[in-house]
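Some notes on the structure that comes next.
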Amino acid sequence: QKNGYETFMEKEIAEQPFVIKETLRSRIEDHILMPELDDLAMEDIHAIYMIACGTAYHASLYAQYLGREWLSIPIQCVPASEFRYGNYPVDEHSLCLFVSQSGETADTLAALKACKKKNAKTIAVCNVLDSSISRIADTTLYTCAGPEIAVASTKAYTTQLTLLACIMLKLAELAKVEVNGYDQLLHDVKALPETIESMLGMEEQMKEYASFLKEQHDAYFIGRQLDYVSVLEGALKLKEISYVHADAYYAGELKHGPIALIEEGTVVIALATQKDVASKTISNIEETIARGANVILIKAKGVHSDKIAHQIEIPDIHPYLACLPATILLQQFALWSAKEKGCNVDQPRNLAKSVTVE
Ligand code: M6R
């Protein structure tokens with residue numbers, strides 16, 4: 001049931017504060033509570049692989065970033081469709097983490113089976129109880145997003161980000177790593193439901209920005225570091241439901257090719273929530289403006305440029321969590337672009353909710 005919303009996607013976007021709260025239930029006190037991982041001997045782990053598809057792959061990229069910051073173990077994120085045919089040195093000292101909303105994605109399932117055969121330790125992050133992936137993995141941790149009906153993943157993604165942040169904090173604890181700013185981070189994780197709730201009120205602004213795409217066939221998303229993960233997801237959301245061609249680039253890569261695409265009126269959605277690299281992103285943005293780009297900037301407090309006409313600020317939050325509020329804005333942007341174009345938001349063409357065949 002759509003509970004009065006016009007589409008399932010709108011209902012699912014609105015449910016995010018609640019499902020994030022559910023995902024965090026009994027997970028946080030003054031440290032992360034994750035008894036499922038208590039027996040994991042991190043000293044035996046020599047490599048970590050994160051394996052998933054589509055939006056779940058983007059969530060894995062987020063976890064990979066945190067893992068690189070905190071763990072001194074090599075960590076690699078690979079799309080499942082590549083992993084299953086690639087030659088990765090997986091063995092009993094590998095920890096393989098599979099992220100899947102449905103728990104039924106064919107490529108992810110095949111990659112999991114291959115890793116089990118090589119005696120790797122396997123952990124799944126799933127949303128569907130008793131799904132194939134959750135039954136085969138050694139351990140499954142569940143997101144509590146509830147049924148996601150719209151093909152475009154929204155609440156499954158943000159609950160994955162939330163749970164993966166907790167999982168990576170738990171792995172750091174098991175590896176006896178001291179995480180810088182741990183208390184602040186934990187505080188901001190706990191506050192995520194309220195932070196996300198406050199983002200829902202920004203819909204009108206994103207609706208106005210989405211109207212910039214009315215006459216456009218392309219949109220370019222740019223960001224650095226964790227913002228790159230968010231722009232990948234923002235571009236995927238936009239293309240899958242509104243059929244606007246959308247690409248995501250590392251902001252610093254623009255001048256190595258993509259900037260050739262920028263002309264008068266080109267829509268560029270830029271993210272600068274990572275303060276330590278924000279000034280670099282701002283100068284990349286200004287280069288696109290000099291070539292006529294119409295830029296929408298999603299930024300953290302304190303990041304500034306007078307040259308950018310359209311700016312929207314996310315609430316004050318630990319930079320490792322900034323992608324959650326930023327993602328809500330990008331979901332609304334894609335949603336309203338699709339609605340404006342009269343697209344079927346819940347059932348985009350050529351796509352299935354669960355990709356159970358290769
Ligand atoms: O069920 P899964 O999380 O394994 O699905 C993986 C992808 O097919 C999925 O995330 C897809 O990219 C999204 N529906 C896009 O919004």
Side-chain angles (χ1 to χ4, degrees), residues 7-13 15-16 19 23 49-63 77-84 96-113 115 122-137 140-164 221 229-244 246 248 323 327-328 330-335 337-338 343-358:
T7 62
F8 280 108
M9 185 176 175
E10 284 164 284
K11 171 179 174 269
E12 289 162 6
I13 288 175
E15 281 171 352
Q16 289 175 105
V19 294
T23 299
Y49 293 95
M50 312 264 338
I51 301 149
C53 297
T55 289
Y57 170 69
H58 298 156
S60 307
L61 284 172
Y62 168 71
C77 186
V78 191
S81 54
E82 288 298 306
F83 187 90
R84 63 182 293 196
C96 301
L97 231 145
F98 300 84
V99 182
S100 175
Q101 186 281 131
S102 61
E104 303 296 345
T105 299
D107 285 325
T108 313
L109 185 57
L112 167 60
K113 287 180 180 165
C115 291
T122 56
I123 298 176
V125 169
C126 287
N127 190 47
V128 178
L129 280 172
D130 207 30
S131 53
S132 305
I133 290 173
S134 68
R135 274 185 275 118
I136 295 174
T140 301
L141 293 139
Y142 288 98
T143 48
C144 302
E148 193 179 60
I149 308 296
V151 166
S153 185
T154 54
K155 60 177 182 167
Y157 180 61
T158 50
T159 52
Q160 283 163 356
L161 295 180
T162 304
L163 189 62
L164 284 165
F221 290 72
V229 175
S230 303
V231 295
L232 280 173
E233 177 59 11
L236 173 63
K237 221 84 303 178
L238 183 66
K239 64 189 132 190
E240 74 173 322
I241 61 169
S242 74
Y243 317 138
V244 172
C323 44
T327 293
I328 308 296
L330 296 174
Q331 292 170 351
Q332 292 166 339
F333 184 73
L335 168 81
S337 164
C343 300
N344 183 339
V345 168
D346 289 335
Q347 281 291 330
R349 67 186 181 208
N350 307 339
L351 293 173
K353 181 66 188 160
S354 189
V355 185
T356 53
V357 289
E358 194 173 353

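In what follows, residues are counted from 1 in the order of the sequence shown. Whatever order the structure lists ligands and atoms in, that order sets their numbers, starting from 1.
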>> Applying a heavy-atom cut-off of 4.0 Å, say which part of Glu240 lies close to ligand 1: side chain, backbone, both or neither.
In response: side chain
> Under the criterion side chain to side chain donor-acceptor pair (under 3.5 Å), which of Gln16, Glu12, Glu233, Glu15 is the partner of Thr158?
Replying inline: Gln16
>> Give me the nearest non-hydrogen protein atom to atom 8 (O) of ligand 1 as residue plus atom name, then the distance to 0.1 Å.
In response: Val355 CG2, 4.1 Å
> Quick one: does Tyr49's side chain get under 4.5 Å of Cys115's, heavy atoms only?
Replying inline: no
> ligand 1 and Gln160, any nitrogen or oxygen pair closer than 3.5 angstrom?
Replying inline: no
>> Nearest 0.5 angstrom please: Phe8 CZ to Asp346 CG, how far?
In response: 6.5 Å
> Do any heavy atoms of Cys53 fall under 4.0 Å from ligand 1?
Replying inline: yes
>> Tell me whether Lys237 has any N or O atom under 3.5 angstrom from an N or O of ligand 1.
In response: yes
> What residue among Asn127, Val99, Leu141 forms side chain to side chain contact (heavy atoms under 4.5 Å, CB included) with Leu163?
Replying inline: Leu141
> Distance-only, no hydrogens or angles: does the Ser60 side chain make a donor-acceptor pair with backbone N or O of Ala56 under 3.5 Å?
Replying inline: yes
> Considering only protein heavy atoms, which is closest to atom 5 (O) of ligand 1, and at what distance to one decimal place?
Replying inline: Thr105 OG1, 3.5 Å
>> Give the atom numbers and elements of ligand 1 that come within less than 4.0 Å of a heavy atom of Ala152.
In response: 16 (O)
> Between the side chain of Thr159 and the main-chain N/O of Ala156, is any donor-acceptor distance below 3.5 Å?
Replying inline: yes
> Which ligand 1 atoms, with their elements, are less than 4.0 angstrom from a heavy-atom of Ser102?
Replying inline: 1 (O), 2 (P), 4 (O)
>> Whether the side chain of Thr122 engages the backbone of Cys96 through a donor-acceptor N/O pair (distance < 3.5 Å, no angle test) should be reported.
In response: no
> So between Gln101, Lys353, Met9, whose heavy atom ends up nearest atom 3 (O) of ligand 1?
Replying inline: Gln101
>> Regarding atom 14 (N) of ligand 1: of the candidates Asn127, Val151, Ile133, Thr55, which has the closest heavy atom?
In response: Val151
>> Once rounded to the nearest 0.5 Å, what's the spacing between atom CG of Leu109 and atom CZ of Arg135?
In response: 9.0 Å
> Which ligand 1 atoms does Gly54 reach within 4.0 Å, using its non-hydrogen atoms?
Replying inline: 12 (O)
>> Only heavy atoms of Ala56, strictly under 4.0 Å: list the atoms of ligand 1 that pass.
In response: 3 (O), 10 (O)
